[in-house]
K.L.:
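Attaching a single structure in structure tokens format; questions to follow.
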Amino acid sequence: MPLLTGAEPFRHEGGETAVLLCHGFTGSPQSLRPWAEHLAGHGLTVSLPLLPGHGTRWEDLRVTGWQDWYAEVDHELRLLRDRCSRVFVAGLSMGGALALRLAARHGDAVSGVMVVNPANKVHGVAAHALPVLRHLVPATKGIASDIAKPSVTELGYDRVPLHAAHSLRTFLRLLDGELPQVTQPLLLLRSPQDHVVPPADSARILGRVSSVDVTEVLLEQSYHVATLDHDAELIFQESTAFIGRLAPDAVKEPGLGKEGTTAGG
């Protein structure tokens, strides 16, 4: 299937410090592209891959699972490690969960973690029925575009395939047991008004990780997809400051990096 316009992955060849960005469940790189472009503009190497099953039609997501999504970002991390001396991982929602697992599994190969409204659990009564329900009902209503800012939309599916939702639930339960292995500096940004991921998920993550250097930032004016919402600039500024504090030579003045590229396919 052809990619939806705007769902293309983004790559930018910058300096020796890289950032790997992970988008959310049923979403696409479009939700993180402004963040990626901001980081690239400050001279950082940036990779924003398209996760398998995303960016085309929801039926394609139905035949993928968490192992596919994680394998994609794990592969990207290894490529960045070959190219750069430091790599930060970041993500939105499920992408935040993927970033946290990269940190848990790769240890010192990850210099820091930045997550926005990270997911820790699939909520609702129906979540417990997913093992059976997924065989009876192919999909339910979508979760995309939880954004407070008028006239802004997220490029995501209007349906959630239950096979994939079941796999996500399995992944999040696995990750919860691995969170104590996360020791890297952590920047967690969350929206008090989030209609997709409740505040309890961020609280659980903060209570489970072993990171000593932890910064929590509230995104008071935004809903779930805060990277496209009123607080987007705050996210960009806080993440740049976070990287700059941990890698002082990494962040350049805007306009000094190399040109970024958008890759289709």
Side-chain angles (χ1 to χ4, degrees), residues 9-24 32 35-36 38-40 42-49 51 66-120 171-190 201-202 204-217 235-236 238-252 257:
F10 175 90
R11 295 180 181 86
H12 172 84
E13 291 296 328
E16 285 294 314
T17 297
V19 183
L20 170 58
L21 294 165
C22 310
H23 70 76
L32 297 183
W35 193 6
H38 172 87
L39 295 169
H42 283 276
L44 298 161
T45 291
V46 180
S47 175
L48 170 54
L51 300 179
W66 76 262
Q67 296 92 338
D68 303 301
W69 315 325
Y70 180 75
E72 181 69 23
V73 297
D74 184 84
H75 176 67
E76 287 292 326
L77 175 61
R78 294 174 189 276
L79 291 177
L80 290 173
R81 284 294 300 170
D82 289 341
R83 157 75 173 80
C84 298
S85 58
R86 290 172 298 225
V87 181
F88 291 80
V89 295
L92 166 69
S93 194
M94 180 188 76
L98 291 171
L100 286 163
R101 187 164 203 253
L102 289 172
R105 303 277 289 184
H106 286 272
D108 292 341
V110 171
S111 297
V113 187
M114 304 176 291
V115 292
V116 178
N117 294 322
N120 177 257
F171 169 65
L172 294 178
R173 295 173 73 179
L174 171 69
L175 172 63
D176 189 67
E178 296 178 337
L179 285 175
Q181 299 173 40
V182 177
T183 60
Q184 297 90 341
L186 172 64
L187 172 64
L188 187 149
L189 307 104
R190 66 175 182 87
D201 283 35
S202 288
R204 173 73 176 179
I205 290 167
L206 291 173
R208 294 279 290 163
V209 298
S210 299
S211 304
V212 175
D213 183 344
V214 177
T215 304
E216 182 180 13
V217 177
I235 294 170
F236 305 161
E238 290 286 347
S239 59
T240 305
F242 178 76
I243 295 170
R245 176 169 64 81
L246 296 170
D249 60 331
V251 179
K252 311 300 182 185

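We're numbering straight along the sequence, starting at 1.
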K.L.:
Answer yes or no: is there a side-chain heavy-atom contact under 4.5 Å between V115 and L186?
P.N.:
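Result yes, sub-4.5 Å side-chain heavy-atom pair found.
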K.L.:
Just by modelled atom types, is the L51 backbone N or O under 3.5 Å from a matching donor or acceptor in the H23 side chain?
P.N.:
yes
K.L.:
Given H106 and Q184, is the side-chain contact (heavy atoms from CB on, under 4.5 Å) satisfied, shown in steps?
P.N.:
CA-CA 10 Å; H106 286 272; Q184 297 90 341; over 6 Å; no
K.L.:
Please check this pair: side chain of E238 against backbone of V217, looking for a donor-acceptor N/O pair closer than 3.5 Å.
P.N.:
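Side chain of E238 to backbone of V217: no pair is present.
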K.L.:
For the pair S210 (side chain) and P180 (backbone), establish whether a donor and an acceptor sit closer than 3.5 Å, ignoring hydrogens and angles.
P.N.:
yes
K.L.:
Counting N and O atoms only, with roles assigned by atom type, does the side chain of N120 sit under 3.5 Å from a partner on the main chain of D201, one being a donor and the other an acceptor?
P.N.:
no
K.L.:
Could you go step by step and tell me if V89 and C22 meet the side-chain contact (heavy atoms from CB on, under 4.5 Å) rule?
P.N.:
CA-CA 8 Å; V89 295; C22 310; 5.8 Å; no
K.L.:
Do other residues, nucleotides or ligands put more than 12 heavy atoms under 6.0 Å from R173 CZ?
P.N.:
no
K.L.:
Counting only N and O atoms by type, is there a donor-acceptor contact under 3.5 Å from the side chain of E216 to the main-chain atoms of L187?
P.N.:
no
K.L.:
Less than 4.5 Å apart, side chain to side chain, heavy atoms only: is that true for F88 and L246?
P.N.:
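Heavy-atom side-chain distance check passes, below 4.5 Å.
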K.L.:
Looking at every non-hydrogen atom in both residues, tell me the closest pair between A97 and L175 and how far apart they are.
P.N.:
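Scanning both residues completely, I find the closest heavy atoms to be O-CD2, 3.4 Å.
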K.L.:
I'd like to check M114 versus I235 (side-chain heavy atoms, cut-off strictly below 4.5 Å). Are they in contact?
P.N.:
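Side-chain contact under 4.5 Å: no.
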K.L.:
Tell me whether T45 contacts the main-chain N or O of G15 through its side chain, where contact means a donor paired with an acceptor under 3.5 Å.
P.N.:
yes
K.L.:
Any idea which heavy atoms bring L189 and P118 closest together, and the distance?
P.N.:
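Nearest pair, atom of L189 first, then P118: O-CD, 4.4 Å.
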K.L.:
Is there a side-chain contact (heavy atoms from CB on, under 4.5 Å) between V116 and W35? Walk through the geometry before answering.
P.N.:
CA-CA 11 Å; V116 178; W35 193 6; 3.9 Å; yes
K.L.:
Considering non-hydrogen atoms only, spot the tightest contact between A119 and I205 and give its length.
P.N.:
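Minimum heavy-atom contact is O-CD1, 4.2 Å.
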K.L.:
With rounding to the nearest 0.5 Å, note down the distance linking CZ in R105 to CD in E178.
P.N.:
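Rounded to the nearest 0.5 Å, the CZ-CD separation comes to 5.5 Å.
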K.L.:
Measuring from L21:CG to L98:CG, what's the distance to the nearest 0.5 Å?
P.N.:
12.0 Å
K.L.:
Should S47 and L20 be marked as a side-chain contact (heavy atoms from CB on, under 4.5 Å) after you check the CA-CA gap, both sets of side-chain angles, and the distance that decides it?
P.N.:
CA-CA 5 Å; S47 175; L20 170 58; 4.0 Å; yes
K.L.:
Is the shortest heavy-atom distance from the side chain of L44 to the side chain of T240 under 4.5 Å?
P.N.:
no
K.L.:
For G91 and A99, work out which heavy atoms get closest and say how close.
P.N.:
N-CB, 4.3 Å
K.L.:
How are the rings of Y70 and F171 set to each other: parallel, tilted or perpendicular (split at 30° and 60°)?
P.N.:
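Judged by the thresholds at 30° and 60°, the geometry between Y70 and F171 is tilted.
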K.L.:
Does a side-chain N-to-carboxylate-O contact under 4.0 Å join R78 and D74?
P.N.:
yes
K.L.:
Which heavy atom in D213 sits nearest to a heavy atom in R245, and how many Å separate them?
P.N.:
OD2-NH1, 2.9 Å
K.L.:
What residues form a side chain to side chain donor-acceptor pair (under 3.5 Å) with R86, not counting sequence neighbours?
P.N.:
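In terms of side chain to side chain donor-acceptor pair (under 3.5 Å), with neighbours along the sequence ignored, R86 is linked to T17, D249.
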K.L.:
Restricting to non-hydrogen atoms, name the atom on G177 and the atom on R208 that form the minimum distance, rounded to 0.1 Å.
P.N.:
CA-NH2, 3.7 Å
